[in-house]
Amino acid sequence: MFKVTVDNKVIESNKEISIEELVKTNFSYDDIVAAKVDGTLVDLSQLIKSDCDISLVKSSDEEGLEIIRHTCAHVFGHAIKQVYPETKMVIGPTINNGFYYDIFSDNSISEKELSSIEKLMKKLSKKNYKIIREVIDKDKAKEVFTKRNEDYKLKLIEEIPENETIAIYHHEEYIDMCRGPHLTSTKFLNFFKLMKVSGSYWKGDSKNQQLQRIYGTAWDTKDNLKSYLNKLEEAEKRDHRKIGQKLDLFHFQEEAPGLVFWHDKGWSLFNIIKDFITQYLRVNHYQIINTPQVLDKSLWKKSGHLDKFSDLIFDVTSESKEFAIKPMSCPGHIQVYNQGLKSYRDLPIKYAEFGIVHRNEPSGTLHGLMRIRGFTQDDAHIFCTPDQIESEIKKLINDIYDLYNTFGFTEIKVELSTRPEKRVGSDEIWDKSEKALASALNSSSINFEHNEGDGAFYGPKIDFSLLDSLEREWQLGTIQLDFSMPTRLDANYIGASGEKIAPVMIHRAILGSLERFVGILLEEYAGDLPLWMAPVQAVILNISENQANHCEELADELNSANIRCSVDSRNEKINYKVRHHSMMRTPYLLIIGDKELKDNHISVRTRTGEDLGVMNVDKFVKMVETLVDEKSKNLNINQE
RNA sequence: GCCACCUUAGCUCAGUUGGCCAGAGCAGGGGUUUUGUAAACCUCAGGUCGUCAGUUCGAAUCUGACAGGUGGCUCCA
């Protein structure tokens with residue numbers, strides 16, 4: 001006789017019983033997909049024979065969804081082996097919102113085929129067959145997968161420690177190896193979709209065998225599947241490339257892959273952001289400098305960039321001399337630092353540059369404004385003593401958060417990368433600086449992930465990332481400690497006792513690439529930029545020709561008052577113009593008819609269709625000034 | 001760079017199994033209209049169907065190469 005507590009209900013039993021059976025006989029639930037026995041996630045087929053505490057996992061729970069997705073990956077395996085029996089299964093993990101399966105097959109799977117494979121999966125899941133878990137030892141596992149010609153599964157088995165048991169799951173004739181848990185039948189597997197195919201590599205290494213990866217999504221209900229697919233569609237509309245074209249901000253063309261043609265309004269936005277950062281730099285005692293775009297290769301050789309990153313460097317040859325277009329600004333900044341002697345009393349010295357850098361990124365990695373070959377970094381280098389590291393870092397972290405918040409970003413992913421195997425600098429200085437970075441993060445009570453061994457060879461770093469509309473991560477800010485380059489490029493300062501010492505260099509970018517940042521901003525706001533960043537803040541629309549001249553005068557007046565304003569006096573109906581400029585996401589539409597002309601008033605409408613009523617110009621100017629000063633997201637001062 | 005896919009007018013897209021001068025809507029030009037808060041009406045023009053080669057009596061449509069792009073993978077100072 002033993003006692004089991006299931007969701008606070010105590011059940012007694014005197015014979016071994018599966019959780020599934022236990023639930024069936026004691027509850028009327030129909031959405032249980034797995035269970036946790038004393039906190040450990042297990043299959044429902046698990047047998048219970050002694051006292052324990054069980055909590056049930058529902059299909060709608062995060063863990064339940066993951067199980068559905070995991071099992072869905074297996075059913076994909078079941079299906080693909082029926083279509084192409086010689087397919088070799090590799091790995092099929094769950095990911096956010098779904099799963100993928102890496103396979104090896106001589107048949108290349110195209111996206112067109114996915115719907116027919118999906119149909120077969122549906123057919124299999126409709127059979128509502130039992131999924132049977134079997135625990136076997138390593139030798140038996142080898143035997144099973146040797147028989148099935150599953151070369152990759154065999155490689156995986158090799159990596160499993162001796163005397164560890166292995167679980168395999170039987171899906172009718174299909175067998176997959178997996179820790180589980182899994183569904184006990186395909187009953188809960190109804191709402192899924194195969195999404196896309198991609199290439200991938202065995203062990204994620206491009207030197208290894210190329211595999212095919214099939215992505216899918218799976219949900220507990222039809223509605224959840226539908227709303228996920230809808231969400232993707234909505235996200236697509238926020239794509240910065242589409243918005244950029246619609247709002248006439250920038251374009252790309254074939255002759256300049258990975259390089260931006262900025263149009264007036266896009267460049268205006270770019271410069272608003274740049275000016276905002278410039279203001280920050282002034283207040284925080286940066287020296288704003290500018291260094292050459294093209295430098296002799298000997299300098300890049302000396303800095304170490306040429307050895308490490310030669311593939312990414314654009315070459316220029318002139319009169320038999322070889323130059324490189326700068327891929328980063330640091331060597332240039334050291335040249336400025338090296339002009340004249342520096343004393344320990346001068347430190348920290350901070351050089352900032354909106355450095356335009358070019359990197360010949362592989363064609364397959366380019367992505368709109370997010371990943372390009374020529375971009376502008378809000379780059380700076382802080383030359384300081386080891387003792388100054390921590391306070392400088394702490395300040396930077398806080399500033400980065402403040403600045404991101406000002407732009408409206410609150411979800412920021414932070415990663416701390418520590419010493420890699422191949423590195424320069426003594427262990428003491430690594431200890432000290434890793435500690436400095438971690439304690440700076442901790443003291444600002446910031447959640448961050450550790451990336452052991454992912455630091456640069458010259459020092460540890462902190463990276464800050466934001467998400468785009470499809471929740472892809474893009475790195476923006478970075479703070480990197482560097483113990484190498486100052487020495488390589490002969491930078492030093494005179495210490496208190498007169499000796500020459502190499503300074504520590506902190507590379508840091510706040511927005512990272514301004515281009516990428518514009519991309520992220522556009523997706524975050526779906527083009528509805530807050531007033532202070534809107535390239536055109538107001539457009540004046542006349543009702544008829546009678547008011548056209550007055551509109552021009554009004555525009556001059558508003559522009560003089562620092563409101564970015566244009567006039568649309570085309571011979572069109574007001575409805576047409578309102579629609580047009582609403583779609584262009586201009587924050588304010590100022591409408592002038594005979595009434596407004598007579599009273600010298602403006603009728604104010606926002607891009608979202610809100611009518612702010614008729615007011616005089618002064619009141620409008622004051623409202624805009626206030627909202628811009630506050631960097632508000634609102635267009636109406638009365639909004640709380 | 002690798003895998004799959006895509007490329008037709010300024011934009012968004014139609015173009016059936018290869019078959020007469022390749023279509024639509026919006027945008028644009030010209031007229032009419034002088035308009036009151038999300039699309040007035042008439043009319044005109046606009047395309048070497050990404051590029052180059054090939055198959056064919058005939059190619060936007062089939063094949064190949066290349067370019068650019070999209071989604072991933074790898075990479076990312």
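The sequence lines fix the lettering, A, B, ..., with proteins before strands; numbering per chain opens at 1.
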Original post:
Pairs in or reaching into residues 290-312 of chain A: which pass ring pair (Phe, Tyr, Trp, His ring centres under 6.0 Å), with residues at least two apart or in two chains?
Top reply: A:Trp300-A:His305
Original post:
Got a donor-acceptor pair under 3.5 Å from the side chain of A:Arg371 to the base of B:rC76?
Top reply: yes
Original post:
Do A:Glu596 and B:rG36 share a donor-acceptor pair, side chain to base, under 3.5 Å?
Top reply: yes
Original post:
Counting only side-chain N and O atoms of A:Arg607, is one of them less than 4.0 Å from OP1 or OP2 of B:rA38?
Top reply: no
Subject >> Atom pair distance, as rounded to whole Å: NZ in A:Lys573 and C1' in B:rU32 >> reply: 12 Å
Original post:
Hey, does A:Tyr576 reach any base, or is it just sugar-phosphate, or nothing, if we go heavy atoms under 4.0 Å?
Top reply: sugar-phosphate
Subject >> Out of B:rC76, B:rA67, B:rU37, whichever nucleotide has its closest atom nearest the side chain of A:Glu254 >> reply: B:rA67
Original post:
Where the side chain of A:Pro362 is concerned, which of B:rA77, B:rG68, B:rG1 is the nearest nucleotide?
Top reply: B:rG1
**OP:** Both distances under 3.5 Å, Watson-Crick or G-U wobble: report the partner of B:rU16, or none.
**Re:** none
Original post:
Between the side-chain atoms of A:Ser582 and the base atoms of B:rU37, is any donor-acceptor pair under 3.5 Å?
Top reply: no
Original post:
Which is true for A:Asp594 with a 4.0 Å heavy-atom rule: it touches a base, it touches only sugar-phosphate, or it touches nothing?
Top reply: base
Original post:
Do A:Tyr351 and A:His381 make the cut of ring centroids closer than 6.0 angstrom?
Top reply: no
Subject >> Sugar-phosphate, base or nothing in reach of A:Gly368, heavy atoms under 4.0 Å >> reply: sugar-phosphate
Original post:
Taking only side-chain nitrogens and oxygens of A:Arg605, does any of them come within less than 4.0 Å of OP1 or OP2 of B:rA38?
Top reply: yes
Original post:
Does B:rG71 have a Watson-Crick or wobble mate here (both distances under 3.5 Å), and if so which one?
Top reply: B:rC3
Original post:
Nearest to the side chain of A:Leu366, which nucleotide is it out of B:rG69, B:rA27, B:rA4?
Top reply: B:rG69
Original post:
Ignoring hydrogens and angles, are the base of B:rG1 and the side chain of A:Tyr201 linked by a donor-acceptor pair under 3.5 Å?
Top reply: yes
Original post:
Is the NZ or CZ atom of A:Arg213 both under 6.0 Å from the centre of the six-membered ring of A:Tyr100 and within 45° of that ring's axis?
Top reply: yes
Original post:
Relative to each other, are the rings of A:Phe517 and A:Phe409 parallel, tilted or perpendicular (30° and 60° limits)?
Top reply: perpendicular
**OP:** Measure from the side-chain heavy atoms of A:Leu312 and tell me the nearest of B:rG1, B:rA77, B:rC5.
**Re:** B:rA77
**OP:** Find the distance A:Asp379:CG to B:rA77:P and express it as a whole number of Å.
**Re:** 13 Å
Subject >> Assigned partner base of B:rA65, Watson-Crick or wobble definition, under 3.5 Å >> reply: B:rU51
Original post:
Between A:Glu572 (CD) and B:rC41 (C1'), how many Å, whole number?
Top reply: 11 Å
Subject >> Contact under 4.0 Å: A:Gln245 side-chain N or O vs B:rU12 OP1/OP2 >> reply: yes
Original post:
Which of these nucleotides, B:rA39, B:rC73, B:rA77, is closest to any side-chain atom of A:Ser198?
Top reply: B:rC73
**OP:** Send over the distance from A:Phe261 CZ to B:rG68 C1', rounded to a whole Å.
**Re:** 13 Å
Subject >> Selection from B:rA4, B:rU74, B:rG71 that lies nearest to any side-chain heavy atom of A:Lys196 >> reply: B:rG71
**OP:** Taking only the side-chain heavy atoms of A:Asn575 (C-beta and beyond), determine which of B:rG68, B:rC6, B:rA39 contains the nearest atom.
**Re:** B:rA39
Original post:
Residues two or more places apart in sequence or in another chain: which of them pass ring pair (Phe, Tyr, Trp, His ring centres under 6.0 Å) with A:Phe483?
Top reply: A:Trp430
**OP:** Return the nucleotide paired to B:rG28: Watson-Crick means purine N1 to pyrimidine N3 with N6-O4 or O6-N4, wobble means G-U with N1-O2 and O6-N3, both under 3.5 Å.
**Re:** B:rC44
Original post:
So, is the end of the A:Lys155 side chain (NZ or CZ) under 6.0 Å from the ring centre of A:Tyr152 and within 45° of the ring's axis?
Top reply: yes
Subject >> Whether A:Arg371 side chain and A:Gly368 backbone form a donor-acceptor pair below 3.5 Å >> reply: no
Original post:
Looking at A:His367, does any N or O in its side chain come under 4.0 Å of the phosphate oxygens OP1/OP2 on B:rG72?
Top reply: no
**OP:** Could you state the atom-to-atom distance from CZ of A:Arg373 to C1' of B:rA67 in whole Å?
**Re:** 12 Å
Original post:
Tell me: CZ of A:Phe252 to P of B:rG10, nearest whole Å?
Top reply: 20 Å
Original post:
Nearest to the side chain of A:Glu111, which nucleotide is it out of B:rA77, B:rA39, B:rA4?
Top reply: B:rA4
